[in-house]
S.K.: 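One structure is given below, represented as structure tokens, and several questions about it will come after.
In the text below, chain A, chain B and the rest are named by the order of the sequence lines, each starting its count at 1. Quantities reported herein were computed from a predicted structural model and do not represent experimental measurements.
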Amino acid sequence: MRNFTIDKAKESIDKVVTIDGWLYNMRSSGKILFMIVRDGTGFIQCIIMKNQIGEDRFAELKHLTQESSLSVTGSIREDKRSPWGYEMDVQNVNVHHEIKEEYPIQLKEHGVGFLSQYRHLWIRTPSQRAVLKIRAEVIQGTRDFLNENGFVNFDSPILTGSAPEGTTSLFELDYFDEKAYLSQSGQLYQEAGAMAFGRVYCLGPTFRAEKSKTRRHLTEFWMVEPEMAYCDIKESLQIQEGMVSYLINRILTNCDSELKVLKRDTSKLEKIKAPFPRVTYKEILELLNKNDREKKWGDDITGLDETIISENFEQPVFITHFPSDSKPFYMKTTPTDSSTVLGADLMAPEGYGEIIGGSQREDDLETILSKIEKAGLNPEAYQWYIDIRRFGSVPHCGYGMGIERFTAWMCGTDHIRETIPFPRTIERIYP
RNA sequence: UCCUCGAUAGCUCAAUGGUAGAGCGGUUGGCUGUUAACCAAUAGGUUGGGGGUUCGAGUCCCUCUCGGGGAGCCA
């Protein structure tokens with residue numbers, strides 16, 4: 001049982017406490033040992049004097065290696081020489097597990113392939129601890145914001161029988177001699193939930209079998225998907241920018257030490273203030289073509305385009321009014337322009353790209369039927385979804401935000417694989 | 001699936017076609033305030049697999065495997 005943790009050092013000055021942790025690094029100087037101990041909540045330097053602990057014990061402890069587990073008892077004091085501000089004068093050390101072999105991960109640069117192979121140990125390092133702590137804050141902050149704004153947690157199933165976008169990007173599995181798929185979005189179920197509760201959200205894993213090999217893609221990632229009844233696209237964008245602003249403020253407030261570990265330039269995050277600019281797809285094409293991208297109507301916005309866009313705005317940007325043909329069947333056609341839909345993507349600055357995709361949903365029965373048919377989908381599999389338009393249909397909106405992409409933006413990491421404990425990519429499912 | 005780069009000690013990397021090396025980590029010792037400590041000694045190699053060219057291949061060629069980056073793809 002742990003009675004003390006390093007994050008409580010400030011309240012424990014001059015008290016004798018026991019740290020249950022692991023040895024992060026050690027230096028020796030003949031008659032003095034400097035042990036840096038971590039316990040998950042923080043790091044602290046422990047000072048062992050030879051004349052205090054005895055010559056034999058000193059000689060034994062000198063041979064401890066990185067990541068040995070131990071309990072260290074001593075008194076806490078403030079010390080400006082320590083990067084963490086506090087030190088412990090050690091009275092006693094109890095070693096639980098002395099490592100008999102070389103610890104694979106050193107306190108130096110490693111290649112990403114090597115670190116990924118040792119992800120189960122990599123997560124012990126300060127940088128990975130900071131990223132994953134921020135991820136946890138993003139998730140908790142998301143839940144708090146939504147709960148405070150009248151949303152009810154309403155989880156979508158992960159095993160599904162139908163394929164909203166065709167089967168190419170789905171993981172298929174055997175479900176008692178029937179075909180089933182891992183969910184690639186909880187949205188359609190959220191639409192049903194919104195008609196029951198008004199405002200709902202789900203937050204959970206999403207699976208995409210695409211063979212994407214980029215810094216912005218995982219095959220398993222987490223997404224929050226809020227859905228709101230009696231809501232138009234204008235109000236939806238206000239909620240989205242409200243949520244993003246809330247989360248940034250919360251990370252800056254609660255994760256100050258983690259951002260420091262990551263050397264994140266927080267001035268760029270402090271600048272983010274809603275409302276965010278709204279720019280139509282057509283205007284984005286014009287901007288890109290001014291930068292020699294030779295885009296024509298209907299072209300996708302790719303990774304390089306996202307970089308150009310983020311160079312032109314310090315704030316996140318909503319891109320609105322996408323061409324109908326490039327977007328899924330459930331998005332509502334713009335009433336004044338049948339060539340576009342009421343969908344909006346939010347592009348984060350600093351090259352982090354799309355972090356939110358959302359839309360007003362098609363709420364007219366006849367229109368949704370024709371869109372399902374046009375998309376080549378089987379209406380029978382979507383009967384329950386069509387029912388939402390048959391029984392008390394209302395204007396409604398929703399959006400999905402990628403937890404890892406948002407976390408990567410907050411942390412300033414260049415690849416989202418570090419923002420989830422055990423990333424799943426096309427070439428890696430171990431560990 | 002395509003393009004591109006790569007694979008040498010546990011890790012990070014050197015080595016003009018001519019005797020395989022360094023730093024870190026490990027081990028042993030030294031040092032009373034170290035900050036990825038420092039100093040000294042020491043162990044550690046089928047140069048990813050297979051084939052070829054050559055008097056001679058880590059180095060050149062072919063092929064396979066694995067990995068990085070990117071494209072396509074991606075509510």
S.K.: Has A/Asn25 got a side-chain N or O lying under 4.0 Å from the OP1 or OP2 atom of B/U34?
M.R.: no
S.K.: Roughly how many Å apart are B/G49 and B/C66, using the P atom of each and rounding to a whole number?
M.R.: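 Result for the P pair: 15 Å, nearest Å.
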S.K.: OP1, OP2 of B/G29 versus side-chain N and O of A/His63: anything below 4.0 Å?
M.R.: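 True: A/His63 side-chain N/O within range (under 4.0 Å) of B/G29 OP1/OP2.
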S.K.: Between residues 70-86 of chain A and RNA chain B, which residues have a heavy-atom gap below 4.0 Å?
M.R.: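 Correct list: A/Arg77, A/Asp79, A/Arg81, A/Pro83.
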S.K.: If you count every heavy atom of other residues, nucleotides or ligands that lies below 6.0 Å from A/Tyr175 atom OH, does the total exceed 12?
M.R.: no
S.K.: Heavy atoms only, 4.0 Å cut-off, all strands: where does A/Glu354 land among base, sugar-phosphate and nothing?
M.R.: nothing
S.K.: Taking the nucleotide of RNA chain B with the nearest heavy atom to each, does A/Lys31 or A/Phe114 sit closer to the 5' end?
M.R.: A/Phe114
S.K.: Just to be sure I understand the rule, does A/Glu225 reach a base, reach only the sugar-phosphate, or reach nothing, if contact means heavy atoms closer than 4.0 Å?
M.R.: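 Base, at least one base atom sits under 4.0 Å.
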S.K.: I need the CD1-P distance between A/Ile301 and B/C73, as an integer number of Å.
M.R.: 13 Å
S.K.: Between the base of B/U12 and the side chain of A/Gln106, is one N or O donor paired with an acceptor at under 3.5 angstrom?
M.R.: no
S.K.: Measure up the A/Tyr24 and A/Phe43 rings against each other and bin them: parallel (under 30°), tilted (30 to 60°), perpendicular (over 60°).
M.R.: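 Aromatic pair A/Tyr24/A/Phe43 classed perpendicular.
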S.K.: Please identify which of these residues, A/Thr65, A/Val93, A/Val95, A/Leu64, meets the side-chain contact (heavy atoms from CB on, under 4.5 Å) condition with A/Leu23.
M.R.: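 The residue from A/Thr65, A/Val93, A/Val95, A/Leu64 that satisfies side-chain contact (heavy atoms from CB on, under 4.5 Å) with A/Leu23 turns out to be A/Leu64.
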S.K.: Within the 4.0 Å heavy-atom criterion, would you say A/Gly358 contacts the bases, only the backbone, or no part of the nucleic acid?
M.R.: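 The answer is nothing, as A/Gly358 stays clear of every strand by at least 4.0 Å.
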S.K.: What's the CD1-P distance between A/Ile416 and B/G68, to the nearest Å?
M.R.: 14 Å
S.K.: Of A/Gln66 and A/Thr214, whose nearest nucleotide on RNA chain B comes first from the 5' end?
M.R.: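 Per heavy-atom nearest nucleotide, the more 5' residue is A/Gln66.
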S.K.: Atom CZ of A/Arg27 to atom P of B/G33: distance rounded to whole Å?
M.R.: 14 Å
S.K.: Side chain of A/Glu87, base of B/G33: donor and acceptor closer than 3.5 Å?
M.R.: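 Donor-acceptor pair under 3.5 Å: yes.
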S.K.: What about A/His217, does its side chain sit under 3.5 Å from the base of B/C74 through a donor-acceptor pair?
M.R.: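 In this structure, the two groups form a donor-acceptor pair.
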S.K.: Which part of the nucleic acid, if any, lies within contact of A/Arg361, taking any heavy atom under 4.0 Å across all strands shown: a base, the sugar-phosphate backbone alone, or nothing?
M.R.: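 Counting heavy atoms under 4.0 Å across all strands, no contact is made by A/Arg361.
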S.K.: Given atom NZ of A/Lys100 and atom C1' of B/U27, what is their separation to the nearest angstrom?
M.R.: 15 Å
S.K.: For A/Arg215 and B/A71, is the shortest distance between a side-chain N/O and OP1 or OP2 below 4.0 Å?
M.R.: no
S.K.: Would you kindly give the CD-to-P distance between A/Glu102 and B/U12, to the nearest whole Å?
M.R.: 13 Å
S.K.: State whether the distance check finds a donor on one side and an acceptor on the other, under 3.5 Å, for side chain A/Ser28 versus base B/C31.
M.R.: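 Per atom types, the contact qualifies.
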S.K.: Under 4.0 Å, counting only non-hydrogen atoms across every strand here, what does A/Gly353 touch: a base, just sugar-phosphate, or nothing?
M.R.: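 No contact.
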S.K.: Take A/Lys332 and A/Asp364 through the salt bridge (charged side-chain N to carboxylate O under 4.0 Å, His left out) test and state the conclusion after the steps.
M.R.: CA-CA 9 Å; A/Lys332 189 171 177 67; A/Asp364 179 69; over 6 Å; no
